[in-house]
Amino acid sequence: MTDRGVPYRPPADVAEALRIQEELRPRVDLVGPGPTAPATVAGLDVAYAESGDRLAAAVTVLDAATLAVVDEAVVVSRPAFDYVPGLFAFRELPALLAALDRLTVRPDLLICDGHGLAHPRRFGLACHLGLVTGLPAVGVGKTPLVGVWDEPAPQRGAWTPPRDGGEVVGRVLRTRDGVKPVFVSVGHRMSLDNAVDRVLALTPRYRLPETTRTADHLCRRALAEAGGRAATPAGDGDPAASA
DNA sequence: GCGACAG
DNA sequence: ATCTTGTCGC
């Protein structure tokens with residue numbers, strides 16, 4: 001699932017992580033437009049143990065029409081990098097990629113728990129994940145990272161453009177009437193319009209996409225069941241061994 | 001210089 | 001991310 005894009009390179013330090021982002025940023029496909037009727041859509045999320053030394057990364061694949069889960073995978077591992085705003089992807093990517101490799105179907109679209117272009121260097125988790133998998137990807141953040149915007153109208157579907165350094169980096173989108181908006185941005189091989197349409201199709205009932213919700217449930221469950229035991233054997237090694 | 005800062 | 005008590009609403 002992860003062998004059709006650019007190879008993932010684990011950074012040794014912050015300086016290298018910044019170099020990798022600057023190097024990969026130009027390779028993001030900003031045109032898309034991406035699938036308007038995907039057969040399957042994947043959600044990715046990570047849960048952490050309170051000690052902070054362990055995490056569970058989950059991927060769930062949903063039938064885009066029925067929103068039923070048709071495949072899923074979860075990996076228990078360790079954070080691969082310290083948490084640094086803007087370098088967040090390096091923390092979770094190795095475990096997420098390991099989970100993706102355990103899927104039996106290759107999804108048509110990735111819905112990431114974090115931002116895509118709405119990032120200081122226009123290369124958030126969704127861009128990185130899209131590039132490494134070669135799959136269309138969308139970022140859906142629950143809280144902002146960059147940008148200024150006006151409050152969207154209270155109705156589902158209402159949106160305003162968040163601007164950072166003069167450019168529009170995504171959309172502040174109301175997915176349900178009267179709830180806090182989410183922050184949608186392009187990850188890879190998707191247009192912003194299509195990204196918003198796909199997110200609205202995935203939010204028939206709750207604020208967050210069903211993909212994110214099912215993945216969230218799965219990784220929390222896996223973390224609880226992992227208890228105090230060892231990390232998931234990850235085929236060719238511990239996904240966190242890179243940090 | 002100070003504060004803010006995806007998860 | 002995770003920890004938290006209560007509260008409002010379906």
Side-chain angles (χ1 to χ4, degrees), chain A residues 11 14 17-18 20-21 24-25 28 43-59 74-99 110-131 137-149 154 156 162-165 169-173 175-188 195 199 204-209 211-213 215-224 226-228 231 239-240 243:
Chain A
V14 168
L18 293 171
I20 291 171
Q21 290 188 331
L24 295 181
R25 171 176 57 178
V28 171
L44 304 94
D45 191 29
V46 172
Y48 292 82
E50 48 189 301
S51 50
D53 59 357
R54 183 169 46 191
L55 58 74
V59 187
V74 59
V75 165
V76 174
S77 180
R78 292 175 140 310
F81 204 78
D82 288 329
Y83 173 66
V84 180
L87 300 180
F88 168 63
F90 297 104
R91 185 170 176 77
E92 302 189 342
L93 262 177
L96 286 172
L97 293 173
L110 262 31
I111 303 295
C112 308
D113 188 36
H115 298 101
L117 294 181
H119 174 278
R121 288 167 296 282
R122 307 293 179 263
F123 195 72
L125 172 68
C127 301
H128 209 148
L129 211 32
L131 216 46
V138 170
V140 179
K142 296 183 286 293
T143 61
L145 174 60
V146 296
V148 293
W149 59 91
R156 162 175 157 91
R163 289 185 150 78
D164 182 50
V169 296
R171 260 174 214 176
V172 182
L173 176 71
T175 53
R176 304 298 307 164
D177 289 358
V179 302
K180 274 177 38 175
V182 298
F183 300 78
V184 177
S185 59
V186 167
H188 184 53
V199 170
R205 181 160 175 157
Y206 299 103
R207 174 188 178 229
L208 296 179
T211 39
T212 301
R213 290 170 45 78
D216 178 72
H217 295 162
L218 176 56
C219 59
R220 289 190 192 233
R221 194 191 322 145
L223 197 58

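Just so it is clear: chains get the letters A, B, ... in the order the sequence lines come, proteins before strands, and each one is counted from 1.
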A/Leu223 has an atom CG; how far is it from atom P of B/dG7, in whole Å?
18 Å
For A/Leu208 and B/dA6, give me the distance from atom CG to atom C1', rounded to whole Å.
13 Å
Using a 4.0 Å heavy-atom cut-off, does A/Leu87 contact any base of the nucleic acid, only the sugar-phosphate backbone, or nothing at all?
base
Do the side-chain N or O atoms of A/Thr143 get closer than 4.0 angstrom to the phosphate oxygens (OP1, OP2) of B/dG7?
yes
Give a yes or no on whether the backbone of A/Leu18 and the side-chain of A/Arg121 come within a donor-acceptor separation of less than 3.5 Å.
no
Salt bridge check, A/Asp113 against A/Lys142: does any charged N sit closer than 4.0 Å to a carboxylate O?
yes
Which one, B/dG7, C/dT2, B/dA6, comes nearest to the side chain of A/Ala47?
C/dT2
Run the ring-centre check on A/Phe90 versus A/His128 and record whether the distance is less than 6.0 Å.
yes
Give one of base, sugar-phosphate or nothing for A/Gly86, where a contact means two heavy atoms less than 4.0 Å apart.
base
Starting from C1' on C/dT2, measure out to CG on A/Leu55 and report it in whole angstrom.
13 Å
Is there a side-chain polar atom (N or O) of A/Lys142 under 4.0 Å from OP1 or OP2 of B/dG7?
yes
Ignoring hydrogens and geometry, is there a side-chain-to-backbone donor-acceptor pair from A/Arg122 to A/Cys127 under 3.5 Å?
no
In whole angstroms, the gap separating C1' of C/dT2 from CG of A/Asp53 amounts to 13 Å
Validation row: A/Leu218, A/Asp45 side chains within 4.5 angstrom (heavy atoms)
no
Atom CG of A/Asp45 and atom C1' of C/dT2 are separated, to the nearest Å, by 13 Å
Output the rounded distance in Å from OH (A/Tyr48) to P (B/dG7).
11 Å
Whole-Å distance separating the CG atom of A/Leu145 from the C1' atom of B/dA4
10 Å
Identify whether any heavy atom of A/Pro120 sits under 4.0 Å from a base atom; if not, whether one sits that close to sugar-phosphate; answer base, sugar-phosphate or nothing.
nothing
As a test of reading the structure: which of C/dC3, B/dC5, B/dG7 is closest to the side chain of A/Glu50, going by heavy atoms?
C/dC3
If the cut-off is 4.0 Å, is A/Arg220 near the phosphate of C/dT2, judged by side-chain N/O to OP1 or OP2?
yes
Rounded to whole angstroms, how far apart are CG on A/Leu96 and P on B/dA6?
17 Å
